[in-house]
Number of protein chains: 2
Amino acid sequence: MMKEITIYDIADKLKISAATVSRGLKDHPLVNHKTKKLIVDAAEEMGYRSNYMASNLRNQKSNVIGVIVPRLNSSFMSDVIAGIEKVVNDANYNLFISQSLETMKKEASNAKAMLNNRVEGLLVSLAYDTADIAHFEPFIKRKIPLVFFDRVFEHAACPQIYIDNYKAAREVTTHLIDQGCKRIVHITANLLRSVYSERFNGYKKALEEHQLEFDDSLLIVNDLSSQAGVAAAGQILKMPVLPDGVFVANDLCAISCMQTLKKHGINIPQDIAFAGFNNDPTACVVEPNLTTINYKGYEMGEAAAKLMVAHLNNYDVKQMHSVVLRSELIIRESSLRNKSS
Amino acid sequence: MMKEITIYDIADKLKISAATVSRGLKDHPLVNHKTKKLIVDAAEEMGYRSNYMASNLRNQKSNVIGVIVPRLNSSFMSDVIAGIEKVVNDANYNLFISQSLETMKKEASNAKAMLNNRVEGLLVSLAYDTADIAHFEPFIKRKIPLVFFDRVFEHAACPQIYIDNYKAAREVTTHLIDQGCKRIVHITANLLRSVYSERFNGYKKALEEHQLEFDDSLLIVNDLSSQAGVAAAGQILKMPVLPDGVFVANDLCAISCMQTLKKHGINIPQDIAFAGFNNDPTACVVEPNLTTINYKGYEMGEAAAKLMVAHLNNYDVKQMHSVVLRSELIIRESSLRNKSS
DNA sequence: CTGTTAGCGCCTTCAT
DNA sequence: ATGAAGGCGCTAACAG
């Protein structure tokens, strides 16, 4: 291990004090321009690199923002992360990223690691099975800003970045009904997560508004994976009376379900109309193209990170507030059965 | 800001020294079991959390591994990152992630930030236009392990995790030739990156082995984006004599190109057979399904991170070595023109 | 404008 | 088995 240059080495060489070197290296106003140049040049020449561990300790701040997400490898989440990284990096913070792998246990242990690492703020999208947020209480107690995005949790101290899932789902469902669907299956995930319960509620609301009965046989709850879509198709095919519409809470599952039904001779959208959620890249590649709800992960990441950064840079002035991002219904062939739309 | 508990607070409360508390909190052998329990209990009760900034400074290690990638939001890269995160997290390291956004300039500035943050190792996949790795020299000089993956760079001190792009491209091209293609266009990106030049070389080799002429009019170089695929389709349609096969260096671009050609009345694969690279999720959704090269990003991330972690945990014993991961040709309808395959 | 001093919280000799 | 003391590198008072 090569010996690292410190500000003391620079100070010695220049016969000045370490304090002056420290000041010269930042843009402290009270340093002579000449000595400043001397210092910067010497630092450059000697290959000095500032030791963040030391300055972090001294300043009692880590310069790190933490992120905990269920999984990194989904199209949506990688967009979110990209957006977060951009904002955080531009603001000269660093990013600690970890994935809960959809379990509350891992989420809690990640949170603890983040806490010990003194992250200055934490961005979280919750795991499937997270029932309470006791594991985030230490952050709230310490007033370390905690922002939820997408898979949010209701808590007075924590702003949320999300879309209006209720409204979006109601729109999708209404659209299917407009297309003549009378018996619409809804496939979704753990209703503990508000993103899913809201979508479910929006769906039910639309049915109700059109005097369509909802009953439990129309609801399929799984993990919205690709495999789950295949299984759901199996369930649908076994139904005593086939549905004429399916609204799935994500595109991944919607597509595999739709393709499986196609293989079994079901015509999309004539026999069964389909709609998904997320506007995944695959949605406009699959045939027929999938009707879905579009909302940009990148923008959600940006919004969450911007909120955090603004807050950190101006702690006591800026009040953090929740943000509802725009989403839009994108109608494609998978649900188009008449010309009225 | 609430006052944080330190080992001194615990020491005071227990009327023992901070040194003993420090030892008790880890599994130092020379502490009485009883006092250890006392210490751990008191820490728990008082809400102590270890200050990593202080211990990092003292120990002269950051416990952080850095990652620099071109972009986070691609299906492949998010798989890689997921794999890296898993391994790094399990090994109790933290992950700093940043994206170069495909420019060498940003890559260099990210590298500098990583250096100042004292990352203990750096995992890198290079930007499109990175011509040399001078910006990584400080790592090499300091013997901070530097591992390249996917978009690698040849350097004696830096192991590489990659696939055999030459072989894979030769396989794809040979397959297209076997299907009767005689005039195969190759669409790729900056040949500065070995992943692309190797694929190009493999392609040329296959042509040569089958006595097919290569000439520059068969090569289209762009950024392999979706839009570039549309543009490439335009170029192809304008060619004096249409090709009967297209091999694209990624699936994203392959698919948009293929779909654009379809819209212009070209039959796939009868008129033009198609092959991509990466086995993106969209490849088996598009119609016709896209022939491609499959290799798992998740495994590449795991492999790179495992190499790094093993090295860090056993610095002077383990020699780092490059790893060539397996890849395989996946034949789908987009290239199937006869029954011989 | 620059120097002196005193920690930030932890860990690790060295001593007991 | 425990304590005392010094220092990791930096920076913010406080003096000059």
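Computed from a predicted structure; not experimentally measured. Values reported hereafter were calculated over all heavy atoms of this structure, with side chains retained and with hydrogens, waters and symmetry mates removed. Chain letters run A, B, ... following the sequence lines, proteins first and then strands; every chain starts at 1.
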Ranking C/dG9, D/dC10, C/dC10 by distance to the side chain of B/Y48, first place goes to C/dC10
Looking at D/dG3, does its base get a donor-acceptor pair with the side chain of B/R23 below 3.5 Å?
yes
The reported gap from CZ in B/F96 to CD1 in B/I68 (rounded to nearest 0.5 angstrom) is 12.0 Å
**Message:** Tell me whether the side-chain N/O atoms of A/S22 come closer than 4.0 Å to OP1 or OP2 in D/dT11.
**Reply:** yes
Which of D/dG9, D/dG7, C/dT2 is nearest the side chain of A/V31? It is C/dT2
Whole-Å distance, B/L30 CG to C/dT12 C1', equals 12 Å
Base D/dG9 paired with B/R118 side chain (donor-acceptor, <3.5 Å): no
Which of D/dC10, D/dC8, C/dT2 is nearest the side chain of B/Q60? It is D/dC8
If you compare every side-chain N and O of B/T20 against the phosphate oxygens of D/dG3 (OP1, OP2), does one of them come in below 4.0 Å? yes
Considering only heavy side-chain atoms of A/A19, the closest of D/dC8, D/dG3, D/dA12 is D/dA12
Note: for B/A18 and A/A54 on DNA chain C, the residue whose nearest nucleotide lies more 5' is A/A54
May I ask you to verify if any side-chain N or O of A/N59 is less than 4.0 angstrom from the OP1 or OP2 atom of C/dC8? no
* Does the side chain of B/T35 get closer than 4.0 angstrom to OP1 or OP2 of D/dT2 through an N or O atom? -> yes
- Message: Please tell me if B/Y8 has a side-chain N or O lying less than 4.0 Å from either OP1 or OP2 of C/dG7.
- Response: no
A/T6 has its side chain closest, among C/dC10, D/dC10, C/dC8, to D/dC10
Donor-acceptor contact below 3.5 Å, side chain B/D9 vs main chain B/T6
yes
Would you please classify the geometry between the A/Y295 ring and the A/F76 ring as parallel, tilted or perpendicular, with 30° and 60° separating the classes? tilted
The side-chain contact (heavy atoms from CB on, under 4.5 Å) partners of A/V324 (sequence neighbours excluded) come to A/Y162, A/D164
Closest to the side chain of B/R58, out of C/dC10, D/dC10, D/dG9, is C/dC10
Any carboxylate oxygen within less than 4.0 angstrom of a Lys/Arg side-chain nitrogen, looking at A/R142 and B/E4?
yes
| request: Answer yes or no: does a side-chain N or O of B/S17 lie under 4.0 Å from OP1 or OP2 of D/dT2? | output: no
